[in-house]
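Some notes on the structure that comes next.
Order of the sequence lines sets the chain letters (A, B, ...), proteins ahead of strands, with each chain counted from 1. The structure presented is a predicted model; accordingly, all values stated were derived computationally and were not measured.
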Amino acid sequence: MEVKFKKNTAILKLSDGFDLANTFECGQCFRWNREPDGAYCGIVRDREVRLIRQDDCIVIENCTEEDFDAIWKSYFDLDTDYGAIRRMLSEKSPSLRRAVDSIDGIRILRQDPWEALCSFILSQNNNIPRIRGIITRLCEGFGEPCGNGYRFPAADTLAGLTAEELAPLRAGFRAKYILDAARKVASGEVKLTALYTAPIEDCRQQLMTIYGVGSKVAECVLLYGLHRTEAFPVDVWMKKALSGEFSDISVPELGAYAGIAQQYIFHLTRSKAR
DNA sequence: GCCCAGGTATAAA
DNA sequence: TTTATACATGGG
């Protein structure tokens with residue numbers, strides 16, 4: 001990966017892939033917005049940037065060299081060779097090769113664990129456009145202004161709210177889950193930063209103490225919020241996939257990248273559904 | 001109108 | 001331990 005800087009703009013040349021639409025619209029995140037020119041605009045922590053492809057480069061606008069080193073290099077997982085991971089996964093089974101080949105240029109973002117926790121609580125029994133709407137209203141209603149939008153509200157902020165105060169989100173039965181998550185995170189009863197390094201099964205159990213967090217939400221938080229790429233949702237809808245056309249996949253064999261394999265399988269099953 | 005959505009808690013078999 | 005159902009809401 002090469003990077004050059006020109007007046008608050010980072011210009012990336014990657015040896016592996018970075019497809020903006022596939023990365024931001026694969027269902028791992030809900031707060032990157034496509035603009036008419038094909039660029040994507042998003043807010044992470046207290047920074048707002050805009051990404052656009054120019055020839056074989058990805059351009060990050062409003063990105064200083066300091067921010068790139070402190071935030072974006074890690075957030076976009078730019079030090080990871082996705083080409084190598086794809087090749088490794090493709091060797092594991094014919095069905096997984098089809099899944100990997102069904103989409104390219106996805107990078108697993110290193111999102112904020114708290115934001116990922118809320119996002120995937122809200123995702124349950126819900127569709128992506130509506131999830132995005134609820135999260136937008138959550139940020140507008142309770143987040144600090146940032147750039148042209150809002151930061152994701154802190155757990156401490158939400159912990160002091162009531163279900164009635166969350167009603168404008170129209171999150172339905174999920175509102176009470178958000179409040180329980182906020183309360184447990186704000187109090188330290190669930191310590192998200194500990195989940196970066198704890199044994200994966202302990203992490204699952206810890207997350208599932210939150211009302212409304214089951215195995216599937218826990219796996220998504222671990223993968224997308226804590227970059228635990230070995231996390232794999234074996235026991236909810238993935239069980240369906242693995243008993244069908246993906247029955248030739250052995251999850252333990254996928255090892256450290258089982259979660260990334262899951263992302264490709266998710267895409268293939270989604271694209272077939274329509 | 002109808003079906004269903006990146007599921008989970010709860011009750012019942 | 002496995003299987004069924006309600007859940008709030010609205011996108012397509």
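- When rounded to the nearest whole Å, the span between CD1 of A:Ile121 and P of C:dT9 equals 18 Å.
- The distance from atom CZ of A:Phe173 to atom P of B:dC4 is 17 Å, rounded to the nearest whole Å.
- Distance CG (A:Leu207) to P (B:dT8): 11 Å, rounded to an integer number of Å.
- Checked against C:dA8, B:dA9, B:dA5, the side chain of A:Asn127 finds its nearest nucleotide in B:dA5.
- Distance A:Leu117 CG to B:dT8 P: 12 Å, rounded to the nearest Å.
- Looking at heavy-atom distances under 4.0 Å, A:Phe30 makes no contact with the nucleic acid at all.
- Between the side chain of A:Asn126 and the base of C:dA8, no donor-acceptor pair under 3.5 Å is found.
- Between A:Lys184 and A:Asp180, at least one side-chain N (NZ, or NE/NH1/NH2) sits under 4.0 Å from a carboxylate O, which counts as a salt bridge.
- Taking only side-chain nitrogens and oxygens, A:Lys176 never comes nearer than 4.0 Å to OP1 or OP2 of C:dC7.
- Using a 4.0 Å cut-off between charged side-chain N and carboxylate O, A:Arg107 and A:Asp19 make no salt bridge.
- Among the nucleotides C:dA8, B:dT8, B:dA5, the one closest to the side chain of A:Arg174 is C:dA8.
- Between C:dA8 and B:dA11, the two P atoms lie 15 Å apart (nearest whole Å).
- If you measure from atom CG of A:Leu169 to atom C1' of C:dG10, you get 15 Å, rounded to the nearest angstrom.
- Rounding to whole angstrom units, OH of residue A:Tyr211 and C1' of B:dA9 are separated by 6 Å.
- Between A:Ile135 atom CD1 and C:dG11 atom P the separation is 15 Å, expressed in whole Å.
- Of the P atoms belonging to C:dG11 and B:dT8, the separation is 23 Å, rounded to the nearest Å.
- Looking at which nucleotide of DNA chain B each of A:Arg130 and A:Tyr177 is closest to, the 5′-most match is held by A:Arg130.
- The separation between A:Arg137 atom CZ and C:dG11 atom C1' is 12 Å, rounded to whole Å.
- Nearest to the side chain of A:Gln124, among B:dT8, B:dA9, C:dA8, sits B:dT8.
- Checked for salt-bridge contact, A:Asp101 and A:Arg98 miss the test: no charged N lies under 4.0 Å from a carboxylate O.
- A donor N or O paired with an acceptor N or O is not found under 3.5 Å between the base of C:dA8 and the side-chain atoms of A:Arg170.
- Using a 4.0 Å heavy-atom distance criterion, A:Ile128 is classed as a sugar-phosphate-only contact.
- Between A:Glu201 and A:Arg204 a salt bridge is recorded (basic side-chain N to carboxylate O distance below 4.0 Å).
- Between A:Arg50 and A:Glu61 there is a salt bridge, since at least one side-chain N of the basic residue sits less than 4.0 Å from a carboxylate O of the acidic one.
- Residue A:Gln263 is in base contact, counting any heavy-atom pair closer than 4.0 Å across all strands shown.
- In this structure, A:Arg86 does not pair ionically with A:Asp81, as no charged nitrogen and carboxylate oxygen lie closer than 4.0 Å.
- As judged by a 4.0 angstrom heavy-atom cut-off over every strand, A:Gly27 is placed among the base-contacting residues.
- Between the C1' atoms of B:dC4 and C:dT5, the separation comes to 15 Å (whole Å).
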